[in-house]
Amino acid sequence: MSDRKRAIPYVTAASAQSCHGSKGDGTKCRARPVAGSSYCFFHHPGKEAERRAAQQAGGQKNKMVVLPSSAPDAKLQNADDAVKLLAETINQVRRGEIDPKVANAVGYLGGLLLKAMLATETESRIATLEAIVKRHPAMSESHFEEDQERFVSG
Ligand SMILES: [Zn+2]
């Protein structure tokens with residue numbers, strides 16, 4: 001912990017030489033000056049162009065690449081649709097058309113949706129099978145057990 005503190009330049013004796021600029025609220029800037037200057041990067045009079053370029057680069061970097069708001073809703077009626085969306089999203093992120101963060105969210109939500117759809121499908125299949133078994137007494141559980149007993153006792 002004490003080693004870490006020593007490594008931070010602001011708490012060393014060098015902090016006596018802070019930037020000669022002042023902040024928006026009029027207080028003195030306490031940032032470290034750039035090498036060979038008495039101003040920090042943000043207050044250095046000769047760094048205006050560099051500052052603007054850095055801000056623009058930062059702005060572009062932080063801007064998320066997403067589909068336009070006019071993009072139609074993805075069709076998500078069944079598991080096939082969900083699989084199609086996941087495949088499409090994989091290709092969009094590979095082409096840089098969509099931010100990986102958005103693709104991650106689509107992947108996560110798409111996975112949940114797919115899981116829910118498959119669970120619903122399984123439930124409805126079981127319900128269908130149960131209805132069929134009820135309609136045909138010969139296939140009911142009790143007969144099945146009798147058949148098994150007969151088979152085991154020979
Ligand atoms: Zn400054």
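Order of appearance sets the numbers: ligands from 1, and atoms from 1 within every ligand.
Between the side chain of S124 and the backbone N or O of E121, at least one donor-acceptor pair lies under 3.5 Å.
Under the rule for a side chain to side chain donor-acceptor pair (under 3.5 Å), the partners of E97 that lie at least two apart in sequence or sit in another chain are R95.
Using a 4.0 Å cut-off between charged nitrogen and carboxylate oxygen, R52 and E48 count as a salt-bridge pair. A salt bridge does not link K84 with E88: every distance from a Lys NZ or Arg NE/NH1/NH2 to an Asp or Glu carboxylate oxygen is 4.0 Å or more.
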Return all side-chain donor-acceptor pairs below 3.5 angstrom for residues 21-28, not counting sequence neighbours, or 'none' if the list is empty.
residue, atom, partner, partner atom, Å
D25, OD1, T27, N, 3.1
D25, OD1, T27, OG1, 2.7
K28, NZ, S18, OG, 3.1
K28, NZ, C19, O, 2.8

For residues 103-117, run the donor-acceptor check on the side chains, cut-off 3.5 Å, and write out each pair with its distance to 0.1 Å, sequence neighbours left out.
none

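The distance cut-off of 2.8 Å around the Zn ion (ligand 1) captures these protein N, O or S atoms, sorted by chain and number: C19 SG, C29 SG, C40 SG, H43 ND1.
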